[in-house]
Amino acid sequence: MGPMRERSPDGSYGRIFAVVRRIPRGRVATYGQVAQLAGLAGHARQVGYALHALGAESPVPWHRVINARGGVSPRSLPGWERVQRDLLEREGVRFDERGCVALDHYRWRPRRSPISVAGGAR
DNA sequence: GCAATGACGCTCT
DNA sequence: CAGAGCGCCATTG
């Protein structure tokens, strides 16, 4: 009960991980979308922070999460962008010359939100 | 306990 | 159409 904020790797972040884990192969979702589906609308930044805490070898398909521009966010380590891009391309996601994917085509559209749709919002 | 940073998003100019 | 600024919250030093 209590004041346990659940800061463990499977705690409040688990909500975000649960959403990311639901992203089907060959599909992508934006940080803001994941945040909204996790019930943290507007906290897109926290999604990125949570994924960063996960690690590249995490069981969560972090590579399926991209920014609203449809591209992979620049990371501290050079070349990492290529890794995420390669993982997505391996799933069938194609990038254009700008290094962006067509969100209108690859964006994951869950029929049922992980959290209550609150009266069929959307 | 305060200050700065960060795998973002949206609006304004 | 492109660039810059502000907002949001959690983690780290």
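Chain identifiers are assigned alphabetically (A, B, ...) following the order of the sequence lines, protein sequences preceding nucleic acid strands; residue numbering begins at 1 within each chain. Quick caveat: nothing in here was measured; it's all calculated off a predicted structure.
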* Asked: Any chance CZ of R69(A) has more than 12 other-residue heavy atoms, nucleotides or ligands included, within less than 6.0 Å?
  -> no
* Asked: Same hydrophobic cluster for I66(A) and V34(A), using side-chain heavy-atom links shorter than 4.5 Å among ILVMFWY?
  -> no
* Asked: With a 4.0 Å cut-off, would you call E91(A) and R64(A) a salt bridge?
  -> yes
* **D104(A) side chain to R107(A) backbone, donor-acceptor under 3.5 Å** => no
* **Close approaches to DNA chain B from residues 98-105 of chain A, in residue order (heavy atom, under 4.0 Å)** => none
* About how many Å separate CZ of F17(A) and OG of S58(A), when rounded to the nearest 0.5 Å? -> 6.5 Å
* Structure fact -> With B for base contact, S for sugar-phosphate-only contact and - for none (protein heavy atoms under 4.0 Å), nucleotides 6-13 of chain B reads BBBSS---
All N/O donor-acceptor pairs, side-chain side in residues 45-56 of chain A, below 3.5 Å, sequence neighbours left out:
none

* Using a strict cut-off of less than 4.0 Å between a Lys/Arg side-chain nitrogen and an Asp/Glu carboxylate oxygen, indicate whether E89(A) and R85(A) qualify as a salt bridge. => yes
